[in-house]
Amino acid sequence: MTLPDLIVRPRRLRRNATIRQMVRETTLSTDDFIYPIFVDETIEEAREVASMPGVSRIPLSMVGEVTQQVAALGIPGIILFGIPAEKDAIGSGGWDDNGIVQQAIRAAKAASPETCVIADTCFCEYTDHGHCGVLHGEDVDNDETLLNLQKEAVSYARAGVDIVAPSGMMDGMIAAIREGLDDAGFKDLPIMSYAVKFASGYFGPFRDAADSTPSFGDRASYQMDPANRREALKEAWLDVEEGADMLMVKPGLAYMDIIREVKDATNLPMAVYNVSGEYAMVKAAAEKGWIDEKRVVLETMLSFKRAGADLILSYHALDVARWLREDKA
Ligand SMILES: [Zn+2]
C-alpha cells in the first residue's frame with residue numbers, strides 16, 4: 001500500500017503557536033464588548049441574581065463606580081436596564097425624566113464621560129403586567145406603544161444617553177423613535193435596534209434579573225418565531241430602511257446562522273446579545289467542573305465574531321477583559 005502524495009497540507013500552518021497566531025482570521029478585543037447593568041431603584045446594596053452567578057442588580061448609588069470599573073478594564077460601553085420602584089399599566093416610568101434609567105444615565109456619564117452609555121428602550125421592566133407595551137385586552141397595542149417609545153427615547157436622550165436600543169419588537173419602532181428624536185433635536189443620536197429578537201427560552205434568568213416576567217401569556221405575538229430565517233432578514237431590512245444605525249440579533253448561540261446572514265445582507269455594524277440563559281448554562285457547567293469556563297467563554301465569543309458580530313453584549317464581558325489582559329501579559 002502506498003500513500004498519496006499530499007501537496008496541500010493545512011497542518012503546515014498549525015505547527016506552532018506563532019504561525020497559528022499569524023494566520024488567525026478572527027480576534028477578540030475588549031473593544032468588542034458591551035456590559036449589561038441592572039439598576040434597581042428598590043435596593044440599597046448590590047444583590048446577586050441567583051440564576052446568574054457573578055451578576056448583580058445594583059442600586060443607583062453604585063452605577064458610577066461600576067461604570068468606572070468597566071471602563072478601567074477597557075470595555076467601551078455599557079447597556080442599562082432599570083427596575084423602577086413603581087410600575088403601572090402603560091410603563092410611564094419609562095419616560096419620567098427622573099426615572100431610574102435616566103438617573104443611571106446621568107450617574108454613568110458623570111463618572112466616566114468616555115464610556116458609551118446605551119439604554120435598553122422598552123417597557124417590560126416598567127409595566128405591572130410585564131409586557132413590552134400598552135395592552136388592549138391581552139394584546140400589546142403596537143401603535144400606541146410607538147408613541148410611548150418616542151417619549152422614552154427622547155427622555156433618555158435628554159438624560160445624556162449615547163445610544164438608544166429599542167428591544168420590544170414593535171413594528172415601526174425605529175422609524176417612530178427616529179422621528180421622535182429628530183423632532184426633539186437629537187438628530188445625531190444613534191439607534192441600535194434589537195432588529196431580530198426571538199421568543200426564546202434562553203431569556204429565563206434575565207427575567208429574574210430585570211423583574212420582567214410577563215404576568216400572563218408570552219411574547220410570541222411580537223418577538224420572532226425561532227424557526228424563521230427569511231423573516232429575520234425582513235426584520236433587519238425594515239430597520240435599515242427605517243434608519244437604524246446598528247442592528248442586533250438576540251439571543252446569540254442558537255442563532256449564529258442569523259448573525260451571519262444579517263451581516264452579509266446589510267452593511268450596518270452588527271451586535272449580538274449573548275443572553276442570560278447562555279451565561280447561566282456556562283456558569284452551571286463550570287461550577288460542576290464539567291467545562292473549562294475561560295476556554296468555553298472565549299471560544300464562544302470568538303465564534304460570535306467569526307459569525308459576523310462586531311459587538312457582543314455579554315455578562316461575561318468583565319471576565320473576558322481580564323482574561324485577554326492576562327493572556328497578553
Ligand atoms: Zn421588553
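As the structure lists them, so they are numbered: ligands from 1, and atoms in each ligand from 1. Computed from heavy atoms alone, side chains included, the values below leave out hydrogens, waters and symmetry copies.
Judged by a 6.0 Å distance limit and a 45° cone about the ring axis, Lys87 is not positioned over the six-membered ring of Phe123.
Side-chain atoms of Ser92 and Asp88 include a donor-acceptor pair closer than 3.5 Å. For Tyr222 and Asn142, the side-chain atoms include no donor-acceptor pair closer than 3.5 Å.
Ordered by chain and number, Cys122 SG, Cys124 SG, Cys132 SG make up the set of protein N, O or S atoms under 2.8 Å of the Zn ion (ligand 1).
Within a 6.0 Å sphere centred on OH of Tyr35, other residues, nucleotides and ligands contribute more than 12 heavy atoms.
Checked against the 6.0 Å centroid threshold, Phe216 and His131 count as a close aromatic pair.
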Pairs under 3.5 angstrom only: tabulate donor-acceptor contacts from the side chains of residues 64-78 to other protein residues two or more places apart or in another chain.
{"unit_1": "Thr67", "atom_1": "OG1", "unit_2": "Val63", "atom_2": "O", "d": "2.6"}
{"unit_1": "Gln68", "atom_1": "NE2", "unit_2": "Ala111", "atom_2": "O", "d": "3.0"}

